[in-house]
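Shown next, in structure tokens, is the structure this report addresses.
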Amino acid sequence: MGKPVREYLLTLCITAAVTYLLTGPVRKFAIVAGAMPEIRARDVHREPTPRLGGIAMFFGLCAGLLVADHLTNLHEVFKNSNEPRALLSGAALIWLIGVLDDKFEIDALIKLGGQMIAAGVMVMQGLTILWLPIPSVGNVALTQWQGTLLTVALVVITINAVNFVDGLDGLAAGMVCIASAAFFLYAYRVWVSYGIEAAAPATLFSVILMGMCLGFLPHNMHPARIFMGDSGSMLIGLVLAAGAISITGQIDPDAMNLFSGSERNTVHQMVPVYIPLLMPLTIIAIPAADLVLAIVRRTWRGQSPFAADRGHLHHRLLEVGHSHSRAVLIMYFWSALIGFGALSYSVNNASMWIVLSVVALSAIGLVLLLLPRFTPRTPRWAERFVPPRYRRGRTTEEAGATAPAASVPALAGEEATPEHRAPVRAGVSGVNGATAIGPRSRLLDRRKAGSSR
């Protein structure tokens, strides 16, 4: 059948539109349902924000699958494979667990058990890893138990990696969107270049995942009006893992005619087959590094490895001096560099230009990380055209005008502590001017801040 590029694009748009349009009503429902946790010391947001954004993302997933099932070419995916139904079954279960956690904060072990059950449901319906491409060995078939254990492990690791990185407004949704875009290009290339129809489900999953993230991001970008919560982070993590499992478990590397010629050429040609196993690591790489650093840091301090703190990578970026939005964009940059770098290497792994480009972009990324350490001062006549941090200094009146806001207690009725950050008055740049319930009263904020105006 023809390659349904336009049908994929339509599916992407429908998924994004449904997710976007439903997020507003879901936000109001979350407020009424009381799914608005109190601000903790390690949180970076300053206002109680509703969760349950995963509800809109789940219905976006359902809409994307429904539309694809009624399109001429994509209907063949549902006709020839049971994987879309397996994905929907596992997604519904993990989404339900996430909704309960967003509302009632269920135990971590219960969530882990739910993740394993959701993965098992997909395995029972055929969405499992059947073989592994091993360098210098070739295609290794797995037994049923080996495939099941590996599939469950990949699903659980990916879900928790996405959940772990969900710490800043728009961070998890944007990074998963970037990873799914790179994965779509890889899966579509396997389909077109090698003519393997079994890559179609993974291509569909990645398109729907992009639509879910793109539809939710306008509501979740800083300052976020709603969080996806565990109902969203676990859901998109499961969809990401399902795409990797689909293209790994159902595509026989022998069908690509890669095992020919010398051993060296075979190893080089096998690189595209390794990518479906490595692509989920593009989203796991950054949070995995953060996880290892957190365990070492907490253990060194004599704390439990599970003790929460403000030492994660995104917290470090904020402490260095990056703004909230810039910290998210830097994380986007590194996610795109890893994902599309792996994709480029799979297309032409013998090109030195790809390696040099990745090295150059990595150097640029390091410069961006350290950029707040370098604050060049502009001439007096140009200060009005640049952000305040690049100006030579403020007057005493300007410094005194902002002093009262910094001395406000973090929470009403509590004394300010180093762990609490003072709320910022409405109208201050960089802070949402509306609370999770409605527009904030400026008069009330001025009374809290001690303003005489």
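Numbers here simply count residues along the sequence, with the first being 1.
At least one donor-acceptor pair closer than 3.5 Å links the side chain of E7 to the backbone N or O of N73. The closest donor-acceptor contact from the side chain of W191 to the backbone of T203 lies at 3.5 Å or more, if one exists at all. In this structure, the side chain of R85 engages the main chain of F78 through a donor-acceptor pair within 3.5 Å. Judged by distance alone, with hydrogens and angles left aside, the side-chain atoms of T49 form no donor-acceptor pair with the main-chain N or O of R225 at under 3.5 Å.
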I'd like a table of donor-acceptor pairs (distance under 3.5 Å, sequence neighbours excluded) in which one partner is a side-chain atom from residues 142-149, with atom names and distances.
{"residue": "T143", "atom": "OG1", "partner": "Q146", "partner atom": "N", "Å": "3.2"}
{"residue": "T143", "atom": "OG1", "partner": "Q146", "partner atom": "OE1", "Å": "3.4"}
{"residue": "Q146", "atom": "OE1", "partner": "T143", "partner atom": "N", "Å": "3.1"}
{"residue": "T148", "atom": "OG1", "partner": "Q144", "partner atom": "O", "Å": "2.8"}

Sequence neighbours excluded and cut-off under 3.5 Å, please list the side-chain donor-acceptor pairs for residues 212-221, or say none.
{"residue": "H219", "atom": "NE2", "partner": "Y20", "partner atom": "O", "Å": "3.1"}
{"residue": "N220", "atom": "OD1", "partner": "G170", "partner atom": "N", "Å": "2.8"}
{"residue": "N220", "atom": "ND2", "partner": "I226", "partner atom": "O", "Å": "2.9"}

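T11 meets the side-chain hydrogen bond (donor to acceptor under 3.5 Å, both in side chains) test with no other residue; sequence neighbours excluded. Under the side-chain hydrogen bond (donor to acceptor under 3.5 Å, both in side chains) criterion, S233 pairs with N163, sequence neighbours left out. In this structure, M124 has no side-chain contact (heavy atoms from CB on, under 4.5 Å) partners at least two apart in sequence or on a different chain. Not counting sequence neighbours, the partners of S231 by the side-chain hydrogen bond (donor to acceptor under 3.5 Å, both in side chains) test are D102. Looking at residues two or more places apart in sequence or on another chain, you find a side-chain hydrogen bond (donor to acceptor under 3.5 Å, both in side chains) between D69 and H75. In this structure L329 satisfies the side-chain contact (heavy atoms from CB on, under 4.5 Å) test together with Y332, sequence neighbours excluded. Here L337 pairs with F333, W334, V358, L361, S362 under the side-chain contact (heavy atoms from CB on, under 4.5 Å) rule; sequence neighbours left out. Residues passing the side-chain contact (heavy atoms from CB on, under 4.5 Å) test with L9, sequence neighbours excluded: L12, C13.
Annotation: side chain of F59 is not in contact with side chain of V26 (no heavy-atom distance under 4.5 Å). Looking at heavy atoms from C-beta onward, M228 lies in side-chain contact with I236 at the 4.5 angstrom threshold. With a 4.5 Å cut-off on side-chain heavy atoms, W95 and M57 do not count as touching. Contact annotation: the side chain of L22 never approaches that of I55 to less than 4.5 Å [non-hydrogen atoms, C-beta and beyond].
Evaluation of the salt bridge (Lys or Arg N to Asp or Glu O under 4.0 Å) test over residues 107-119, restricted to residues two or more places apart or in two chains, returns D101-K111, K111-D230.
Side-chain contact check for S206 and S180: no donor-acceptor pair (N or O, by modelled atom type) lies under 3.5 Å.
Here CE of M331 is found 10.5 Å from CD1 of I178. Values are rounded to the nearest 0.5 Å.
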Run the side-chain contact (heavy atoms from CB on, under 4.5 Å) test on T151 and M122 for me, step by step, so that the C-alpha distance in whole Å, both residues' side-chain angles and the decisive distance to 0.1 Å come before the verdict. CA-CA 9 Å; T151 301; M122 295 194 300; 5.8 Å; no
Verdict with reasoning, I97 to I110, per side-chain contact (heavy atoms from CB on, under 4.5 Å): CA-CA 9 Å; I97 296 173; I110 297 178; 5.8 Å; no
